[in-house]
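The structure under discussion appears below in the form of structure tokens.
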Amino acid sequence: QEQLVESGGGLVQTGGSLRLSCAASGRTFSSYPMGWFRQALGKAREFVSTISWNGVGTYYTDSVKGRFTISRDNAKNTVDLQMNNLKPEDTAVYYCAAKTIGGSHYNTEGYDVWGQGTQVTVSS
């Protein structure tokens with residue numbers, strides 16, 4: 001059964017860093033774009049970043065540009081999100097997702113395989 005598992009979340013102070021990792025199993029997603037989304041308490045899940053199948057193309061939501069970096073290792077079937085200079089507004093559950101269907105790269109409807117999420121909490 002295909003599965004995405006996130007890790008690396010935790011509690012960090014403002015200005016700190018975390019590196020999230022997403023490991024795929026049961027299926028290889030090396031031919032598909034991958035993305036990271038987040039959902040703060042009481043809010044809708046929102047797009048954070050996406051990366052093309054070969055890692056060449058990356059895109060970020062404006063609020064994380066210059067602070068977050070997405071990367072992938074197709075040999076290991078993993079996708080990472082390096083998060084620097086974290087802010088309290090980055091607090092959320094972060095989800096990894098694979099895009100094996102059509103549709104937008106920048107909203108949840110365009111992704112069909114999801115992980116269970118990992119909590120990131122940034123204290124002020």
Side-chain angles (χ1 to χ4, degrees):
Q1 181 179 355
E2 58 190 20
Q3 190 176 12
L4 298 175
V5 179
E6 303 94 337
S7 61
L11 174 64
V12 65
Q13 292 184 333
T14 297
S17 298
L18 284 173
R19 188 175 184 89
L20 305 183
S21 186
C22 172
S25 62
R27 177 181 181 180
T28 178
F29 294 100
S30 60
S31 299
Y32 300 101
M34 300 288 291
W36 283 95
F37 289 75
R38 65 187 180 186
Q39 187 168 17
L41 192 63
K43 296 187 177 181
R45 193 170 299 187
E46 65 174 3
F47 168 79
V48 175
S49 180
T50 186
I51 187 167
S52 62
W53 70 271
N54 58 3
V56 172
T58 59
Y59 190 81
Y60 303 89
T61 192
D62 286 346
S63 63
V64 308
K65 285 180 181 177
R67 300 189 297 122
F68 290 11
T69 302
I70 191 171
S71 61
R72 68 188 299 164
D73 185 334
N74 285 340
K76 296 181 179 178
N77 222 11
T78 59
V79 178
D80 289 352
L81 185 69
Q82 176 66 43
M83 306 187 297
N84 297 328
N85 191 21
L86 283 161
K87 304 176 181 181
E89 51 264 42
D90 295 318
T91 295
V93 178
Y94 283 70
Y95 297 89
C96 172
K99 180 176 174 49
T100 72
I101 58 176
S104 172
H105 284 65
Y106 314 121
N107 60 48
T108 57
E109 288 75 19
Y111 293 77
D112 57 321
V113 183
W114 291 85
Q116 83 290 346
T118 185
Q119 176 71 47
V120 171
T121 303
V122 185
S123 63
S124 57

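It should be emphasised that the depicted structure is a prediction, and the values quoted were computed from it without experimental measurement. Values below: all heavy atoms of this structure, side chains included; hydrogens, waters and symmetry mates excluded. All residue numbers refer to positions in the sequence shown, counting from 1.
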From [X] atom [atom1] to [Y] atom [atom2], the distance as rounded to the nearest 0.5 Å:
X	Y	atom1	atom2	value
Asn74	Phe29	CG	CZ	12.0 Å
Leu81	Ser71	CG	OG	8.0 Å
Thr91	Gln119	OG1	CD	7.5 Å
Leu20	Trp36	CG	CH2	4.5 Å
Leu86	Thr14	CG	OG1	8.5 Å
Arg19	Ser7	CZ	OG	10.5 Å

Taking all non-hydrogen atoms of both residues, which atom of Leu4 and which atom of Met34 are closest, and how far apart?
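Distance-wise, the nearest heavy atoms are CD2-CE, 4.1 Å.
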Answer yes or no: is there a donor N or O on one side and an acceptor on the other, between the side chain of Asn77 and the main chain of Ala23, under 3.5 Å?
no
For [X], check salt bridge (Lys or Arg N to Asp or Glu O under 4.0 Å) against everything at least two apart and list the hits.
X	value
Lys43	none
Glu2	Arg27
Asp90	Arg38, Arg67

Which residue pairs pass the disulfide (SG to SG under 2.5 Å) test with at least one member in residues 80-124, sequence neighbours excluded?
Cys22-Cys96
A side-chain contact here means heavy atoms from C-beta on lying under 4.5 Å apart; do Glu89 and Ser63 qualify?
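They are not in side-chain contact.
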For Thr108, enumerate each residue passing the side-chain hydrogen bond (donor to acceptor under 3.5 Å, both in side chains) test, keeping only those at least two apart in sequence or located in another chain.
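Testing Thr108 for side-chain hydrogen bond (donor to acceptor under 3.5 Å, both in side chains), a comparison that skips the adjacent residues, returns none.
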When you measure from the centre of the six-membered ring of Tyr111, is the NZ or CZ of Lys99 closer than 6.0 Å and no more than 45° off the axis?
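Yes; both conditions hold, so Lys99 lies above the ring face of Tyr111.
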Can Asp80 and Gln82 be counted as having a side-chain donor-acceptor contact under 3.5 angstrom?
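Checked: Asp80/Gln82 side chains show no N/O donor-acceptor pair below 3.5 Å.
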Would you list the pairs meeting ring-ring contact (aromatic ring centres under 6.0 Å, His included) in which at least one residue belongs to residues 53-77, sequence neighbours left out?
Tyr59-Tyr106
